[in-house]
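These notes concern the structure reproduced below.
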Amino acid sequence: VVTQRLSASDSVTLSPYYGDRHTIQYLSSGVNGVVNLQRDFYGMNGKWLHTGEVSNMPLNLVLGMDSNQNQDHRLTFTNSGGQPLVAQTDQDYSMEARNLDVYLQGELRPIERLTLTVGARQSNTTLNAISNNTLPNLGSHTYHATTGMASAQYYVQNNTNVYISYGSGFDTPTLNQIIYTPSYVNHGGTNSGDIGLEAARTQQVEIGLKTEISRTAQASIAIFDSDTTNDIVIAASNGGKTAYMNAPKMSRKGGELSMQWQLPFQLQASLAYTFLDAKVQQAYAENI
């Protein structure tokens, strides 16, 4: 992480990263039952932070860009009693997931006890998979979305605040979720992948309270209401392989209560309770 201060009120932060991972997995099925996955992942997060005032009201701004990339080499073999065997059904895919997001968030304090926060993000994500042998390519899909958030936080007392927030979410499928079609998982044959899976989109409202009961105890309570379209759910699962599909409409409502205590001898205690009511609001089906 590299941070450069430009002035008393402006600074720039750059966070590049690189990593690699190698996984070998044995599934209960024979065909494609041994997965050999090599992954390289890297990216950069850069942001500009500004602190200032607007009409004597404190203002904080963050403008950023988030870029990430996964490069996967996926090989599969037939699992014969725990021994990998070469077969015509073996996969050899070069797979890629990459995104470029730009975001802006502002925090304004019109009065001492009130903080208003708004933000927006433009997301662009691409998934693709190219076959290096005779199996068909899985194709490519680019997802675009603009998401946002807004919240208000008010300090009723110096040690207690209430808040209300709204946010929209955008979750694309993963590379693992677009590998198989439901028909292939259920019946075998030719696999064409499921690159057509849509991204899930969520809108959520949350209301809560946070308080410091004493110098050694804090508590928070929140209720939330979340609605999701095109939620990514399991369509078929067989022999260690799983295929996915989109569920038209889901809802999740609930509440959370948590408490923390600072105990003697630098010990801490925590207690949390969550109630969740999750419902499928529109029917969906996959022929098995």
Side-chain angles (χ1 to χ4, degrees), residues 20-41 68-99 123-145 170-201 228-250 280 282-288:
D20 66 88
R21 183 182 182 187
H22 185 204
T23 305
I24 298 178
Q25 183 181 24
Y26 287 77
L27 307 176
S28 59
S29 58
V31 178
N32 301 138
V34 181
V35 181
N36 187 327
L37 182 69
Q38 177 69 48
R39 170 171 292 175
D40 295 301
F41 52 97
N68 306 278
Q69 192 155 346
N70 267 12
Q71 297 281 355
D72 286 5
H73 186 200
R74 178 186 174 95
L75 293 171
T76 67
F77 304 93
T78 293
N79 184 356
S80 176
Q83 297 298 318
L85 301 180
V86 175
Q88 289 186 340
T89 54
D90 292 345
Q91 298 172 351
D92 184 351
Y93 287 121
S94 295
M95 306 182 71
E96 180 186 54
R98 66 179 185 271
N99 81 291
S123 299
N124 300 277
T125 301
T126 299
L127 306 179
N128 63 63
I130 298 173
S131 177
N132 298 315
N133 57 18
T134 58
L135 296 183
N137 293 329
L138 302 187
S140 178
H141 193 160
T142 299
Y143 304 85
H144 304 282
F170 169 70
D171 298 292
T172 71
T174 65
L175 290 176
N176 287 338
Q177 290 173 330
I178 58 96
I179 283 289
Y180 295 119
T181 60
S183 60
Y184 175 78
V185 170
N186 288 324
H187 309 297
T190 301
N191 176 48
S192 58
D194 203 2
I195 198 72
L197 268 178
E198 295 295 330
R201 295 174 182 263
T228 303
T229 57
N230 287 328
D231 211 352
I232 299 172
V233 298
I234 292 175
S237 183
N238 185 26
K241 298 183 180 69
T242 304
Y244 297 84
M245 64 183 295
N246 293 114
K249 194 172 182 181
M250 313 279 276
V280 177
Q282 186 174 337
Y284 65 93
E286 173 66 30
N287 293 326
I288 304 297

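Residues Leu27 and Asn79 have side chains not in contact (no heavy-atom distance under 4.5 Å, counting atoms from C-beta outward). At a threshold of 4.5 Å between non-hydrogen side-chain atoms, the residues Thr228 and Lys249 do not count as touching. Looking at Ile179 and Met95, their side chains come closer than 4.5 Å, going by heavy atoms from C-beta outward.
For Asp92 and Asn132, the side-chain atoms include at least one donor-acceptor pair closer than 3.5 Å. A side-chain donor from one of Asn32 and Tyr184 sits under 3.5 Å from a side-chain acceptor of the other. In this model, no donor atom of one side chain and acceptor atom of the other lie less than 3.5 Å apart for Thr125 and Thr172. In summary, the side chains of Ser131 and Asn133 do present a donor paired with an acceptor at a separation below 3.5 Å, with no hydrogens or angles considered. In this structure, a donor-acceptor pair under 3.5 Å is present between the side chains of Lys241 and Ser29. For the residue pair Asn99/Asn68, the side-chain donor-acceptor check at 3.5 Å is satisfied. Using modelled atom types and a 3.5 Å distance limit, the side chains of Gln71 and Asp40 yield no donor-acceptor pair. Side-chain N/O atoms of His73 and Asn36 include no donor and acceptor closer than 3.5 Å.
Pairing each heavy atom of Gln88 with each of Leu135, the nearest pair is O-CD2, 4.2 Å. Closest non-hydrogen pair, Ala199 versus Pro173, comes out as CA-CD, 4.3 Å. Here the closest heavy-atom approach between residue His144 and residue Arg201 is recorded as O-NH2, 2.9 Å. Summarising the geometry of Ser28 relative to Gly240, their closest heavy-atom pair is OG-N, 3.7 Å, with the distance given to 0.1 Å. Summarising the geometry of Pro84 relative to Tyr26, their closest heavy-atom pair is CD-OH, 4.1 Å, with the distance given to 0.1 Å.
For the atom pair CG of Leu85 and OG of Ser80, the computed distance is 4.5 Å after rounding to the nearest 0.5 Å. Separating the CG atom in Leu197 from the CD atom in Gln177 is a distance of 7.0 Å, to the nearest 0.5 Å. Rounded to the nearest 0.5 Å, atoms NE2 (His141) and CD1 (Ile178) are 11.0 Å apart. Note that the CD atom of Glu198 and the CG atom of Asn246 stand 6.0 Å from one another [nearest 0.5 Å]. To the nearest 0.5 angstrom, Tyr244 atom OH is 12.5 Å from Asp231 atom CG. Atom-to-atom distance recorded for Leu127:CG and Ser140:OG is 7.5 Å, nearest 0.5 angstrom.
At least one donor-acceptor pair under 3.5 Å links the side chain of Thr76 to the backbone N or O of Gln91. Side-chain atoms of Asn191 come within 3.5 Å of backbone atoms of Gly193 as a donor-acceptor pair (strictly under, hydrogens ignored). Between the side chain of Asp90 and the backbone N or O of Ala87, at least one donor-acceptor pair lies under 3.5 Å.
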- Task: Let me see the working for Leu37 and Gln25 under side chain to side chain contact (heavy atoms under 4.5 Å, CB included), right down to the final yes or no.
- Result: CA-CA 8 Å; Leu37 182 69; Gln25 183 181 24; over 6 Å; no
- Message: As a quick check of understanding, evaluate side chain to side chain contact (heavy atoms under 4.5 Å, CB included) for Gln83 and Val34, giving each step before the final call.
- Response: CA-CA 9 Å; Gln83 297 298 318; Val34 181; over 6 Å; no
- Given the rule in the side chain to side chain contact (heavy atoms under 4.5 Å, CB included) test, do Tyr284 and Met245 qualify, once you have shown the distances and angles that lead to the verdict? CA-CA 9 Å; Tyr284 65 93; Met245 64 183 295; 4.0 Å; yes
- Task: Before giving the answer on side chain to side chain contact (heavy atoms under 4.5 Å, CB included), spell out for Tyr93 and Leu75 the whole-Å C-alpha distance, their side-chain angles and the decisive distance to 0.1 Å.
- Result: CA-CA 7 Å; Tyr93 287 121; Leu75 293 171; over 6 Å; no
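The environment of Gln282 atom CD is dense: over 12 non-hydrogen atoms of other residues, nucleotides or ligands sit within 6.0 angstrom.
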